[in-house]
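Right, one structure below, let's go through it.
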Amino acid sequence: MKRIKKAIIPAAGLGTRFLPATKTVPKEMLTIVDAPIILYVVEEAIKAGIEDIVLVAGRGKHAIEDFFDTSYELEDRLAKDGKSHLLEKLTRIRDMANIISIRQKQALGLGHAILTAQPIVGQEPFAVLLGDEITMETKGSENVTSLLCRSFDDTGVSAVSIMKVEDSEVSKYGIADVSEIKPGFFRVNDLVEKPKVSEAPSRWALPGRYAFDSHIMTLLKDAKPSLNGEIQLTDSMRLLCREKGLNAMTFSSKRFDAGDKLGYLQANVELGLQNPELGESLKQYLLQLCSELGKG
Ligand code: UTP
């Protein structure tokens, strides 16, 4: 059985929720503390044992590609100035993974973005990490992509992450109808993309982490545009579910939708608190702010 060694990171969406910032900067390049969102996503993939990362880029492709490339002038200056800790940070990013970039010429939906990477992944199984979602490991938690890849490697069955959402959030996600096999591990019976609360089969939503059998590519090839005229990944996942099965797993890492303004701010605060240089000062500032807000 083939193990997962490749990951696709779709990063070609228009990022309309983040306009005007995303008019010229791809949202995946917006900064969380001191690094672009995409770096956190790539680091999660590498930690999960991924060797090749296929970046599906659109506008601003060069900004993302350049970020993972050598910057001779900058590296030379840092070396001459003796700023070895900064130089190390840059060279680590440059050398961290084999990143292959491919362009989605039109933002025709997440399913289409994944299909764009098919010539690179071929017949291999692969992970998908949405380029605007960040997960943060908490004490004792396993990285979400590791969890999914391990499940695929053990069973040969595709796997998705799931999380419980409030009623008000249901219409923002793909929602799964699931049967629990053991605590935290489910079989997916069906999926609905962005349903109304009254039509949702559950409150189990799919955030942006998946581990797929290569058969999903065959299904995506035949997929027709549906909701919003886009090729929806959920449509092909429904078929995958019937033809090859699909598992779902809960996770204990924290997850942030950094493509959403509130999620982005939350990610900055929580990852800022974990930062060794800033954490304590930020905590003091937040405590002070909370006490002021409490008085107000
Ligand atoms: P989103 O639906 O969150 O991205 O897709 P979007 O369309 O850019 O967002 P808004 O709603 O306009 O703000 C989730 C991920 O899939 C990628 C996005 O870049 C994001 O990382 N995506 C989406 C593509 O790569 N191509 C697409 O056609 C659509």
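Atoms within a ligand are numbered from 1 in the order they appear, just like the ligands themselves.
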Atom of K224, atom of D235 and distance for their closest heavy-atom approach:
O-OD2, 4.4 Å
side-chain hydrogen bond (donor to acceptor under 3.5 Å, both in side chains) assessment of E44 paired with T145
CA-CA 7 Å; E44 178 182 333; T145 301; 2.6 Å; yes
Close residues, ligand 1: non-hydrogen atom nearer than 4.0 Å:
P10, A11, A12, G13, L14, G15, T16, R17, K27, E28, Q104, A107, L108, G109, L110, A113, L130, G131, D132
For a quick check under 3.5 Å, do Q266 and E270 share a side-chain donor-acceptor pair by atom type?
no
Can you see whether F185 has K182 sitting over its ring - NZ or CZ less than 6.0 Å from the centre and within 45° of the normal?
yes
Ion pair present between R203 and E166, side-chain N to carboxylate O less than 4.0 angstrom?
no
Applying side-chain hydrogen bond (donor to acceptor under 3.5 Å, both in side chains), can you list everything that pairs with D76, at least two apart in sequence or on another chain?
K80
